Every structure is written in structure tokens, then in C-alpha cells.
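Below is one structure, written out as C-alpha cells, with a few remarks after it.
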Protein chains: 2
Amino acid sequence: MEREIFREFLYKKGLKLTKERQRILDEVFAFHGHFDPEGLLKSMRSRNIKVSKASIYRTLPLLVESGLVEQVEKNDKHAHYEHTFGHEHHDHLICLKCGAVIEVFSPKLEAIQDELCRESNFKGRTHTLEIKGYCCNCKETR
Amino acid sequence: MEREIFREFLYKKGLKLTKERQRILDEVFAFHGHFDPEGLLKSMRSRNIKVSKASIYRTLPLLVESGLVEQVEKNDKHAHYEHTFGHEHHDHLICLKCGAVIEVFSPKLEAIQDELCRESNFKGRTHTLEIKGYCCNCKETR
DNA sequence: ATGGGTGCAAATTGTTTGCAACTTA
DNA sequence: TAAGTTGCAAACAATTTGCACCCAT
């Protein structure tokens with residue numbers, strides 16, 4: 001399914017669905033969770049999937065633009081992504097001590113965001129909410 | 001006031017309130033809005049305020065840790081900050097077309113975030129909500 | 001066949017660091 | 001005066017790019 005979406009997206013932009021782009025897409029959707037470009041590369045290399053670092057860096061923005069992938073957690077020095085298609089939207093609680101990422105979702109939150117957009121006459125597309133603090137394991141031991 | 005807070009913060013950590021740190025603090029609080037390290041440096045240089053790039057990069061994390069400044073808008077390749085002391089907390093609507101940043105605030109939103117933290121037994125410290133989309137001027141013309 | 005795409009390695013860019021000289025508490 | 005701090009320039013790390021060859025359409 002995500003293949004179709006990506007193919008369509010590329011087609012509309014006059015871009016080509018190359019083997020490499022396919023492979024990257026597949027890899028991104030092969031597992032659930034966050035990833036970064038370097039990790040993606042390593043993961044693919046370890047499975048003998050031929051792809052260059054440059055192609056990964058060139059493909060990720062396309063995946064984001066197509067709406068299949070989102071950039072999240074931009075705190076670290078390198079970019080983190082997660083695929084969103086076929087996933088419920090969710091937000092993140094990030095532990096400042098151990099780095100744990102807890103996914104949360106609240107319909108009320110979504111509703112309020114819509115409200116905020118309406119009030120500002122703003123057409124919301126995507127959003128990111130990150131709450132940083134201490135997870136249940138770390139909050140005692142500070 | 002922010003000077004006192006910073007001084008106190010540094011004191012507790014056994015750090016010193018140097019001229020450079022003062023100057024950076026003053027500059028950060030001299031105007032309202034977002035900034036990045038490079039811009040801060042240029043702004044200071046243009047007013048003949050003596051400071052090195054290294055000091056800026058070394059001081060900003062201290063300002064963040066002290067709670068006087070927050071890191072926001074982590075989409076771009078470089079870090080963006082804004083001072084928060086003496087400011088209401090707010091979130092951001094970011095226009096994907098013209099780059100406009102609209103500040104919004106909703107008490108309901110804050111309340112729900114607290115609720116989310118409680119549900120996950122998480123001790124929230126700070127949070128960032130960014131909604132990306134199109135502002136009132138750009139949403140028509142797409 | 002044509003225009004986009006790839007891999008590589010070199011280039012860029014934002015940020016960090018080692019070090020000698022200097023300040024602050 | 002002891003411990004932290006500065007500025008500089010060199011070092012880093014993540015990402016981007018130029019180019020010659022390659023491959024979807």
C-alpha cells in the first residue's frame with residue numbers, strides 16, 4: 001500500500017521509482033519504531049541490501065514530503081524519523097535521563113489543536129508534541 | 001531579574017558569572033523572538049559586543065538548563081532558541097510556505113498535557129508543540 | 001534516448017574541543 | 001590563587017553536492 005502511495009507521489013513530481021527508493025521505503029516500513037539515517041544504512045548494509053548513504057539522505061525528504069514518514073525528536077544532533085502510514089498518530093514523552101520514548105495519544109489533544117488552528121485561521125498539516133521530563137523509572141532516582 | 005536567576009543558577013553549579021555570559025544573557029533578553037547561535041553572534045558583533053562563537057555555543061546550554069531559555073523549532077538544520085522567562089509559555093504554528101511563526105496558547109492544552117503525563121507516570125518538565133501547515137496568507141495560494 | 005538517479009568522495013555546515021592565556025570568586 | 005573561562009583554530013559529525021556512469025520511463 002505504501003508502495004502505491006509513494007509511486008503515485010513520485011509520478012506526480014516527475015520522479016522515478018528506482019530500486020534504491022523502493023528498498024529504502026521497504027526498510028523504513030519493515031519495522032516499527034524510530035530510526036535515523038545512519039541506522040537505516042547500517043541495517044540495510046547488514047542485510048546486504050545495496051544502497052548508498054547519499055541515496056538515503058536523498059530519499060528521506062521525499063518520504064517525508066509524501067506524508068509516509070515523519071521527522072520526530074529533533075533534539076539529538078541527528079535527525080530521527082518514524083513511518084506514519086498505517087500507524088495511529090501519537091505524541092512523545094521523552095525521558096531526559098534514560099532517553100526512553102513513550103508514545104501517547106489523546107483525542108482531546110487533537111481536538112484542541114484543531115481548535116487552535118481554527119482560531120488562527122491556520123491550515124494545520126502535521127504536528128509534533130514532545131514532552132520532556134523523567135520517566136517512571138528515572139523520576140525517583142534523580 | 002533574569003540576571004539574578006542566572007547568577008543563582010551558576011552559583012549552585014559552582015560556575016562563574018563572567019562578562020561574556022552576562023553579555024550573552026543580556027542580548028538574549030534584549031529582544032523578543034526566536035534566534036539562532038549564529039544570528040546572536042552577528043547581532044552582538046554588529047554592536048561591537050565582544051564575544052566568541054565558542055562562548056555562545058557554551059553558554060546557550062546553560063541558559064536552557066537554567067530554564068531561562070528554551071530550544072524551539074528544531075526543523076531547520078541549526079538550533080533555534082527563544083527566551084522564556086517573563087513570557088507566557090506558548091506553542092507554535094509554523095507556516096510551511098512563508099516560514100511565519102505564530103505563537104498560540106491554550107490552557108486546555110496544558111491541562112491535557114498534564115493529564116497525559118500523569119497517565120504515563122511521567123514527570124513532565126518542558127514541552128514543545130509545533131503545528132506545521134499554512135498560515136492565513138498562504139493557505140489560499142497553494 | 002533522455003532526463004532523472006546512483007555511488008563515491010570531496011565539500012559544507014553547524015557545533016564541539018584542546019590549549020595557552022586570562023578572570024572570577 | 002585555584003578553578004573555571006575565554007578565544008582561536010583545528011577537529012568533528014551530520015548532511016549535501018559535483019560528477020561520471022547508470023537505469024527507469
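Since this is a predicted model, take the numbers as computed values, not measurements. Quick note on labels: first sequence line is chain A, next is B, and so on, each numbered from 1.
In this structure, the nucleotide among D:dT5, D:dG7, C:dG7 sitting nearest to the side chain of B:A54 is D:dG7. Candidate nucleotides C:dG7, D:dG4, C:dT17 were compared by shortest atom distance to the side chain of B:R58, and C:dT17 ranks first. Ranking C:dC8, D:dA24, D:dA14 by closeness to the A:K16 side chain, first place goes to D:dA24. Minimum atom distance to the side chain of B:K50 is reached by D:dG7, of the listed C:dG4, D:dG7, C:dT23.
Between B:M44 atom CE and D:dT6 atom P the separation is 11 Å, expressed in whole Å. In this entry the distance linking CZ of A:R45 with P of C:dC8 reads 7 Å, nearest Å. Between the P atom of C:dG3 and the OH atom of A:Y11 lies a distance of 17 Å, rounded to the nearest Å. We find that CD of B:Q22 is positioned 10 Å from P of C:dT24, with the value rounded to whole Å. C:dT24 atom C1' lies 11 Å from atom CD of B:E20, rounded to whole Å. The CD1 atom of B:I56 sits 13 Å away from the C1' atom of C:dG14 (whole-angstrom rounding). Per the geometry, CG belonging to A:L17 stands 11 Å off P belonging to C:dG5, to the nearest Å. Straight-line distance from the CG atom of B:L60 to the P atom of D:dT6: 12 Å, rounded to whole Å.
A salt bridge is defined here as a Lys NZ or Arg NE, NH1 or NH2 lying under 4.0 Å from an Asp or Glu carboxylate O, and A:R118 with A:E115 fails to meet this definition. A salt bridge is absent between B:R58 and B:E20; no separation between the charged side-chain nitrogens and carboxylate oxygens falls under 4.0 Å.
With no hydrogens or angles considered, no side-chain donor-acceptor pair links A:H87 and A:E103 at under 3.5 Å. Between the side chains of A:H80 and A:H92, no donor-acceptor pair of N or O atoms lies under 3.5 Å.
Within the structure, a side-chain polar atom (N or O) of B:T18 is placed less than 4.0 Å from OP1 or OP2 of D:dT6. Considering only side-chain N and O atoms, A:Y57 lies under 4.0 angstrom from the phosphate OP1 or OP2 of D:dT15.
Ring geometry for B:F35 versus B:Y81: interplanar angle under 30°, hence parallel rather than tilted (30 to 60°).
Between B:G14 and B:S52, it is B:G14 whose nearest contact on DNA chain D lies nearer the 5' terminus.
Between the base of D:dA24 and the side chain of A:K19 there is no donor-acceptor pair shorter than 3.5 Å. Under 3.5 Å, the side chain of A:R21 and the base of C:dG4 form no donor-acceptor pair of N or O atoms.
When heavy atoms are screened at a 4.0 angstrom cut-off, B:K53 is found touching base atoms of the nucleic acid.
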